[in-house]
Engineer: 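Here you go, one structure.
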Amino acid sequence: MYRICMTLSLKRLPLALACAFGCLAFPFATAWSQGDKPAAGGDKPAADKAAVDKTALPPLPADAHVSQQIQLDGKTLKYTVTVGSLPVRDKDGKEAGAVVYTAYAVEGENRPVTFAFNGGPGASSVYLNFGAIGPRHMNAGNEGDSPSDPTTLTDNTGTWLDFTDLVFIDPIGTGFSRAAVPEDQAKKLFYSTTPDIQYLSRVIYDWLVKNGRLGSRKYLVGESYGGFRGPRITHYLQSQLGVALNGVVLVSPYLNPAQDENEDLSPLPWMMTLPSITAAHLEREKKLTPDAMADVIGYTRGDYAAALLKGHSDPDGEKKMIQRVTEMTGLDPAFVKYSGGRIETGAYLREVHREEGKLGSVYDSNVTSFDPFPFAPEQRANDPILASIIAPLTTAMVDFITRTVGWKIDARYNALSYEVNRLWDRDDDLRKGSVPALRQAVAADPKMRVLIVHGWNDLSCPFMGSVLTVDQMPVMGDATRVAVHEFPGGHMFYTRDSSRADLRKDVMDMYAKH
């Protein structure tokens, strides 16, 4: 969310999910949304300037702090929560926006600090905060969860706060962060690939300077499109702003936007999704284990890829492949046959639970909702997880910020802004992905470590994409410096208590190596 980036091309996404890339637009209140445009041929008339001044947004509140505590591993962990903001300036030094952050700090010297981003583009950091690694946790995003469930926060036994301070950053247009310039300028300054990396890197730099933490060990965690940001921010900080990170955790990252292209020729798109579809079936059969998935990965890399490449030039091999895919996925044999063993994501999500009248989520196909349009030629309903998670997380976060922490603001909170997603410039730079930056950052710092983590069931950013990506990277020193780990669950596998606990352990191990 969240990380709510989708790696699949639009033609392979269900209609409702494709709309997250720009055909849905929610009301988005800014001073510039009412048509304040310069008069033709020159500056605004005085009356227009006055109108703009009248609609200017009030200043954000001063930073607010509150002391809290949780019980973790039988001990009391005391910490301070800070909700504050940092200005973002244009090239002339004029304030063009403000980024709001939520920070958690424990007293003590030489503590590491970790900066957290979600994705979208258009997602705030609430998903990593309340879902994964913050000190408080809310159940959401699992099968059977409802948007009207109580928004109860409990002590998070999977938090990272006992071994690192945490700073959750909401990019412009998400959470309470906002632009202070017209939409066309905001798009240039904030809503495209390179400017996004540059201003968010500067936000990290500014937070470190403001809080006197330049000497701390520094880490970054990014989820989904935040995982796309991760390597690029790391390399930009390292090479341009003079700030070196000790480690990076990429959660369900969107690393290679172009790796699912050429689906009529390349086996890669189908190699990426078959393991996740199979994992979901194994889970339904209660047979999901690391050993079972090792067999799935081995078949995908070997006989499956070969059969796809040979096509009808090897009829026997093609027939065997279709039979094997049918067995692996548990899908209707006719569906697999007429798909040629190439299981298209949108079709699969409608097919897998069709007899129950339900849809599977692209983020975890074992999380479902009823299909309100079962006879439509394409999926018309929103994704099951998106439909259920936005309301409770928004309610919980707004209540936490305004009431618990006391950062009083009268504005809309965007857990997931479709408006930002609509405005985003998907330029050629985006299609280049983040792997070149990842390679350069790892090469430049022989001590930096990268942990890439995925849920087996995720079809939006499939784990196999990262496995194949890392397999092609050169080994630079210690071969374990860049590692891929998988867990039961989907895009937000951390919503499962056991997977969140295992993630905490793996990250603790990585931090302990410095």
Side-chain angles (χ1 to χ4, degrees), residues 1-7 10 13 16-34 57 60 85-88 90 96-102 116-129 168-203 222-230 232-233 253-254 257 363 382-383 386 389-391 393-394 397-398 409 411-427 429-430 460-461 491:
M1 312 322 38
Y2 1 14
R3 1 179 242 74
I4 299 197
C5 120
M6 300 147 197
T7 65
L10 291 183
L13 280 172
L17 294 180
C19 288
F21 280 98
C23 49
L24 292 182
F26 292 153
F28 189 67
T30 72
W32 302 93
S33 63
Q34 307 301 319
L57 293 169
L60 292 174
S85 63
L86 288 166
V88 180
D90 63 18
V99 166
V100 178
Y101 62 87
T102 303
F117 294 91
N118 276 100
S124 77
S125 60
V126 65
Y127 309 94
L128 283 172
N129 190 346
F168 295 90
I169 296 174
D170 293 338
I172 296 291
T174 76
F176 288 123
S177 299
R178 66 194 191 190
V181 294
E183 184 179 284
D184 59 341
Q185 294 182 37
K187 185 169 182 175
K188 293 177 182 178
L189 290 172
F190 307 123
Y191 303 147
S192 62
T193 307
T194 297
D196 174 74
I197 299 303
Q198 292 173 345
Y199 91 82
L200 290 175
S201 298
R202 181 59 191 266
V203 166
E223 182 179 8
S224 202
Y225 191 82
F228 174 95
R229 288 172 167 138
R232 288 195 169 200
I233 288 176
Y254 180 54
Y363 304 107
N382 198 1
D383 180 83
L386 287 188
I389 202 170
I390 301 301
L393 284 178
T394 300
M397 195 65 194
V398 172
I409 185 171
R412 172 184 172 177
Y413 180 88
N414 286 291
L416 180 63
S417 172
Y418 284 65
E419 183 71 2
V420 169
N421 203 286
R422 180 186 68 81
L423 292 171
W424 204 266
D425 183 1
R426 289 165 179 81
D427 53 14
D429 195 23
L430 175 66
S460 65
C461 296
H491 194 74

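Note that the structure is predicted; figures quoted are calculated from it, not measured. In what follows, residues are counted from 1 in the order of the sequence shown.
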Engineer: Looking at R229 and D196, does any basic side-chain N land under 4.0 Å from a carboxylate oxygen?
Structural biologist: yes
Engineer: Would M397 and T102 satisfy side-chain contact (heavy atoms from CB on, under 4.5 Å), going step by step from the backbone distance to the final call?
Structural biologist: CA-CA 10 Å; M397 195 65 194; T102 303; 3.7 Å; yes
Engineer: Check the angle between the aromatic planes of F176 and Y413 and answer parallel, tilted or perpendicular using the 30° and 60° thresholds.
Structural biologist: perpendicular
Engineer: How about R232 and T193: do any of their side-chain heavy atoms sit closer than 4.5 Å?
Structural biologist: yes
Engineer: For Y191 and I172, run side-chain contact (heavy atoms from CB on, under 4.5 Å): C-alpha distance rounded to whole Å, both residues' side-chain angles, the deciding distance at 0.1 Å, then the answer.
Structural biologist: CA-CA 8 Å; Y191 303 147; I172 296 291; 3.7 Å; yes
Engineer: Give the minimum heavy-atom separation between I233 and S201, together with the two atoms involved.
Structural biologist: CG2-OG, 3.5 Å
Engineer: Could you check whether the rings of Y254 and F228 sit parallel, tilted or perpendicular, using 30° and 60° as the cut-offs?
Structural biologist: tilted
Engineer: For a quick test of reading the model, state the closest non-hydrogen atom pair linking C461 to P253 and the distance between them.
Structural biologist: CB-O, 3.8 Å
Engineer: Do side-chain atoms of D425 reach the backbone of K188 as a donor and acceptor pair under 3.5 angstrom?
Structural biologist: no
Engineer: Using only heavy-atom distances, determine whether the side chains of S192 and D427 contain a donor-acceptor pair under 3.5 Å.
Structural biologist: no
Engineer: Go through the steps to decide whether N414 and E419 satisfy the test side-chain contact (heavy atoms from CB on, under 4.5 Å), and finish with yes or no.
Structural biologist: CA-CA 10 Å; N414 286 291; E419 183 71 2; over 6 Å; no
Engineer: Would you call F168 and S124 a side-chain contact if the rule is heavy atoms closer than 4.5 Å?
Structural biologist: no
Engineer: Answer with yes or no whether the side chains of D170 and S125 bring together a donor and an acceptor at under 3.5 Å.
Structural biologist: yes
Engineer: Atom OG of S177 and atom CZ of F190: how far apart are they, to the nearest 0.5 Å?
Structural biologist: 10.0 Å
Engineer: Over all heavy atoms of both residues, which pair between A179 and L57 is shortest? Give the atoms and the distance, please.
Structural biologist: O-CD1, 4.4 Å
Engineer: Which word best sums up how the rings of Y225 and W424 line up, parallel for under 30°, tilted for 30 to 60°, or perpendicular for over 60°?
Structural biologist: perpendicular
Engineer: Hey, what do you get for CG (D383) to OH (Y363), rounding to the nearest 0.5 Å?
Structural biologist: 5.5 Å
Engineer: Can you name the one residue among V181, L189, V203 that meets side chain to side chain contact (heavy atoms under 4.5 Å, CB included) with V88?
Structural biologist: V203
Engineer: Measure the shortest side-chain to side-chain distance between R178 and S85 over non-hydrogen atoms and say whether it is less than 4.5 angstrom.
Structural biologist: no
Engineer: To the nearest 0.5 Å, tell me how far N129 CG sits from I169 CD1.
Structural biologist: 12.0 Å
Engineer: Name the one of I389, L386, N421 that satisfies side chain to side chain contact (heavy atoms under 4.5 Å, CB included) with L416?
Structural biologist: L386
